[in-house]
K.L.:
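Quick one: this structure, given as structure tokens, is what I'll be asking you about.
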Amino acid sequence: MPLIHECVVTTLIQNSKPHIAPLGLIEDGENWIIAPFRPSTTLINLYSCNKVTASFTDNPLIFAKLVTGNCDIPLLPLSSWPAPRLADALAHAELEVIDIEEDELRPRFMCKVRRIETHQPFLGMNRARAAVLEAAILSTRLTRLSRKKIDQEITYLKIAIDKTAGPIEREAWELVLEKINNT
Ligand SMILES: Cc1cc2nc3c(=O)[nH]c(=O)nc-3n(C[C@H](O)[C@H](O)[C@H](O)COP(=O)(O)O)c2cc1C
């Protein structure tokens, strides 16, 4: 299996209004692949906008907000690139779609990495942040997974929250858990 970079992808709706969504970018040699399941707004946008931006962040609240329907996250424009980045990004990559592999379930958009820029230092891995990320992904798959599987995963992930979370990680965890418990 190739390495997957979990990030926030900015596409443009009808080539103007920015749209952000958490997605995993699949490494494929020098290129990266965006593979959105149908249906998705990002997928629709990718057919008309071939310049997209991936923002890399270690802020779990951004992922928690996005999976719970709050897309009001500050963005910053980029010089000479149409899709803005997250204001809070540690780094961003400017990606150009160069090929599309059609699929009924999950088309793949092959992207050339045009530029990567760093904005803030990365201060190390954190188990609670990783746990929020896992729970956020689970919360987007509630209809595809059994309740038993979800409950087992949450019980395990909570260990990292209890041992290593700061206030932002706890807030993010509560947001995601509320979604899981109320769906
Ligand atoms: C960390 C993370 C990674 C994700 N990766 C993908 C992915 O690679 N493909 C996908 O279809 N959905 C992925 N999802 C779920 C999408 O974010 C979700 O389907 C979302 O609704 C798509 O957004 P859109 O319809 O607004 O474009 C991921 C979610 C999270 C939290």
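Positions are given from 1, in the same order as the sequence printed here. Because the structure is a prediction, the values reported are computed rather than measured. First listed ligand is number 1; within each ligand, the first listed atom is number 1.
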K.L.:
Mind jotting down which protein residues get a heavy-atom contact under 4.0 Å with ligand 1? Chain and number order, please.
P.N.:
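Within 4.0 Å of ligand 1, protein side: Glu6, His19, Ala21, Pro22, Leu23, Gly24, Ala35, Pro36, Phe37, Ser40, Thr41, Thr42, Val67, Arg106, Leu133, Ala136, Ile137, Thr140.
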K.L.:
How would you list, by chain and number, every residue that makes a salt bridge (Lys or Arg N to Asp or Glu O under 4.0 Å) with Glu104, sequence neighbours excluded?
P.N.:
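Residues passing salt bridge (Lys or Arg N to Asp or Glu O under 4.0 Å) with Glu104: none at all.
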K.L.:
Does the side chain of Ile33 reach to within under 4.5 Å of the side chain of Leu25, using non-hydrogen atoms?
P.N.:
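Ile33 does not reach Leu25 side chain to side chain.
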K.L.:
Of the non-hydrogen atoms in Thr57 and Asp88, which two are nearest, and what is the gap between them?
P.N.:
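What the structure gives for the nearest pair is OG1-O, 4.0 Å.
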K.L.:
Measure centre to centre between the rings of Phe56 and Phe122, then say whether the value is under 6.0 Å.
P.N.:
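Not under 6.0 Å, so no.
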K.L.:
How are the rings of Tyr47 and Phe109 set relative to one another: parallel (under 30°), tilted (30 to 60°) or perpendicular (over 60°)?
P.N.:
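Rings of Tyr47 and Phe109: perpendicular, over 60°.
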K.L.:
For a quick test of reading the model, state the closest non-hydrogen atom pair linking Ile34 to Cys111 and the distance between them.
P.N.:
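So the minimum-distance heavy-atom pair works out to CD1-SG, 3.8 Å.
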